[in-house]
Amino acid sequence: MIKFDFENSSINERMLSDYEEVVQKNHLLLHENPDDEKQFLGWINLPENYDKNEFERIKKAAKKIRSDSDVLIVIGIGGSYLGARAVIESLTDCFYNMLPDKKRNSPMIIYAGNNLSPNYLNDLMNLIGEKDISINVISKSGTTTEPAIAFRILKEAIEQKYGLEEARKRIYVTTDKARGALKTLANSEKYETFVIPDNIGGRFSVLTAVGLLPIATAGIDIDKLMQGANDAREKYLEPSIKFNDCYKYAIVRNLLHSSGKKIEILANYEPQLHYFTEWWKQLYGESEGKDGKGIFPAGVDFTTDLHSMGQYIQDGERHLFETVLCVNEPKNDIDVKADSENLDGLNYLAGKSLDYINKKAMEGTVQAHVTGNVPNMMITLDKLDEENLGQLIYFFEKACAMSGMILEVNPFNQPGVEEYKKNMFKLLEKPGY
């Protein structure tokens, strides 16, 4: 279960009530025809109405990859990899890829096609070495520059390593159901394919095959993940602000924005949530940043970043507000013991657990930032597990849709993303540019 608290935000319930009419109107628009492929609202009912046959194929493919591969290379950029990485790193060991194979019990998950650095790709190839590998390439079109280059290079490497027939059994394609360069290649080569639904945009696609195949390969229970998301779907069907926390979050952040707070910082106190923050940044940045509008999404990992960004957050320009992710129950804990010499002066902590200390650091930071005119909201998870993370994903997705609509932008397109591509293609002398 997740809980939303905005007590330290400077916003009160009465101020929320001013948005009741616009939220009711937007709620009806969101739920009017969510299966229309032109509306990109397929994620709304996805946790209940997903393709059960494909879901079973995903689990079967993940089981095969786990049995015959030391490494799964996930090729994708933006929403094609961030959601999967967010879930995998949230729900596995902090040093997952570094664990011995027998202790990890599943393949290393490595990501490619999310940059254009030759150093990165060469280092990845060196890391793979003689390991057995599979590839999951994820792209709606198959022509996005970064993943397309990575796939071209890695496809050649895997074919040289195993031969054409075996390579075909180790390449899994997640793409459009009917068209596009990657779909054409997959049909020609007879790769196993999974579908990116037409009515779900990339940044909302983590609970489709886009995210689920890598997540299942990492040994995470995708049935429980979907159950958590469906619990949230049912919980946030309520159109009334009074009973819908994700709509409250959407309104509070817009009220803070209208008061001059232009940047939202998502703060966590668990290193495992670093890539969840990266996923959240894309979700909100790409959904709201258009038409000269939008709240800028940033992220910090506390307490680490208290020793780098903490000074600015406390005393810099007052255009910030924070949303804190709090995990109630740690996966495990460590008690601080007394030391006879006490040279570090830490004996006052003897008998206290590290999680308790971490929580007090969080509480002290919230108090300091609120005093320093950085309004705070808090989202609390019972623990980091599949059900809670599924709920949190859906919470942020639906809140993002509502928040964008309150801002009066289309939260489901991303026209600005294309601008750099046009310039790059022209500089690279691509035909037609």
Side-chain angles (χ1 to χ4, degrees), residues 1-5 7-8 85-100 102-106 109 218-221 224-225 228 265-280 298-314 322-372 374 376-393 395:
M1 178 180 293
I2 65 173
K3 178 184 176 184
F4 173 65
D5 179 4
E7 181 181 354
N8 291 310
R85 190 165 190 175
V87 174
I88 291 168
E89 299 208 4
S90 295
L91 299 181
T92 57
D93 190 281
C94 290
F95 304 99
Y96 173 84
N97 277 339
M98 298 172 66
L99 290 173
K102 291 182 179 179
K103 197 168 184 180
R104 191 175 58 245
N105 292 324
S106 52
I109 311 292
I220 293 165
D221 190 329
K224 291 181 179 179
L225 186 71
I265 299 173
L266 188 68
N268 71 76
Y269 287 76
E270 291 293 340
Q272 288 169 278
L273 287 170
H274 173 83
Y275 267 94
F276 189 90
T277 301
E278 294 301 303
W279 170 80
W280 173 88
V300 289
D301 302 324
F302 288 157
T303 60
T304 303
D305 287 338
L306 288 173
H307 298 261
S308 58
M309 294 298 293
Q311 174 62 41
Y312 187 96
I313 296 169
Q314 188 67 46
E322 276 181 322
T323 299
V324 178
L325 294 180
C326 172
V327 180
N328 264 343
E329 299 177 24
K331 181 172 60 177
N332 45 54
D333 210 348
I334 302 173
D335 289 337
V336 177
K337 296 179 180 179
D339 181 85
S340 58
E341 296 185 6
N342 194 31
L343 293 176
D344 53 16
L346 293 179
N347 272 358
Y348 76 99
L349 296 175
K352 295 181 173 66
S353 75
L354 198 53
D355 183 64
Y356 176 84
I357 297 166
N358 196 28
K359 293 292 196 302
K360 294 308 170 187
M362 178 188 70
E363 292 171 19
T365 303
V366 170
Q367 291 173 11
H369 289 177
V370 170
T371 301
V374 178
N376 261 250
M377 295 180 276
M378 185 170 291
I379 299 171
T380 303
L381 294 76
D382 287 341
K383 54 186 175 181
L384 267 182
D385 64 8
E386 288 92 340
E387 290 94 335
N388 277 274
L389 204 66
Q391 288 184 41
L392 188 63
I393 288 167
F395 173 95

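Only this structure's heavy atoms are used, side chains among them; waters, hydrogens and symmetry mates stay out.
Taking CZ of Phe302 as the reference point, atom CE of Met309 lies at 8.5 Å (rounded to 0.5 Å). Atoms CE and CG, on Met377 and Leu266 in that order, are 9.5 Å from each other to the nearest 0.5 Å. To the nearest 0.5 Å, the span separating OH on Tyr275 from OG1 on Thr277 amounts to 11.0 Å. Between the CG atom in Asp335 and the CD1 atom in Ile357 there is a gap of 9.0 Å [rounded to 0.5 Å]. If you take OG on Ser308 and CD1 on Ile313, they are separated by 8.0 Å, rounding to the nearest 0.5 Å. In this structure, CG on Leu325 lies 7.0 Å from CG on Leu381, to the nearest 0.5 angstrom.
Between Tyr96 and Glu89, every side-chain heavy-atom pair lies at or beyond the 4.5 Å cut-off. Residues Val324 and Tyr269 have side chains in contact (heavy-atom distance under 4.5 Å, counting atoms from C-beta outward). At a threshold of 4.5 Å between non-hydrogen side-chain atoms, the residues Thr323 and Trp280 do not count as touching. Inter-residue side-chain proximity for Asp339 and Leu346 is flagged as unmet; no heavy-atom pair is nearer than 4.5 Å. Leu273 has its side chain within reach of Leu384: a pair of non-hydrogen atoms, C-beta onward, lies under 4.5 Å apart. The shortest side-chain heavy-atom distance between Gln314 and His369 falls under the 4.5 Å cut-off. Counting heavy atoms from C-beta on, the side chains of Ile393 and Val87 come closer than 4.5 Å. At a threshold of 4.5 Å between non-hydrogen side-chain atoms, the residues Thr380 and Asp5 do not count as touching.
The 12-atom threshold is not exceeded at NZ of Lys383, counting heavy atoms of other residues, nucleotides or ligands nearer than 6.0 Å. In this structure, Lys331 places its NZ atom where more than 12 heavy-atom neighbours from other residues, nucleotides or ligands lie under 6.0 Å away.
Sorted by first and then second residue, the pairs that involve residues 354-369 and meet salt bridge (Lys or Arg N to Asp or Glu O under 4.0 Å), not counting sequence neighbours, are Asp355-Lys359, Lys360-Glu363. Pairs passing the salt bridge (Lys or Arg N to Asp or Glu O under 4.0 Å) check and including a residue from residues 266-279, sequence neighbours excluded, read Glu278-Lys281.
In this structure, the side chain of Gln272 engages the main chain of Thr92 through a donor-acceptor pair within 3.5 Å. Panel note: side chain Asp305, backbone Val300; no donor-acceptor pair is recorded below 3.5 Å. Under the 3.5 Å distance criterion, the side-chain polar atoms of Ser353 are matched with a main-chain donor or acceptor of Tyr356.
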Residues Ile220, Glu386; criterion side chain to side chain contact (heavy atoms under 4.5 Å, CB included); working and verdict
CA-CA 8 Å; Ile220 293 165; Glu386 288 92 340; 3.6 Å; yes
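Across Ser106 and Ala218, no two heavy atoms sit closer than the pair OG-O, 3.5 Å. Closest heavy-atom contact between Met362 and Cys326: CE-SG, 3.7 Å. Closest approach of Lys103 to Leu99, counting heavy atoms only: CD-CD2, 4.2 Å.
Between Glu322 and the options Asn8, Asn376, Thr365, a side chain to side chain donor-acceptor pair (under 3.5 Å) holds for only Asn376.
For Asn388 and Asp385, the side-chain atoms include at least one donor-acceptor pair closer than 3.5 Å. Between the side chains of Asn268 and Asp301, at least one donor N or O lies within less than 3.5 Å of an accepting N or O.
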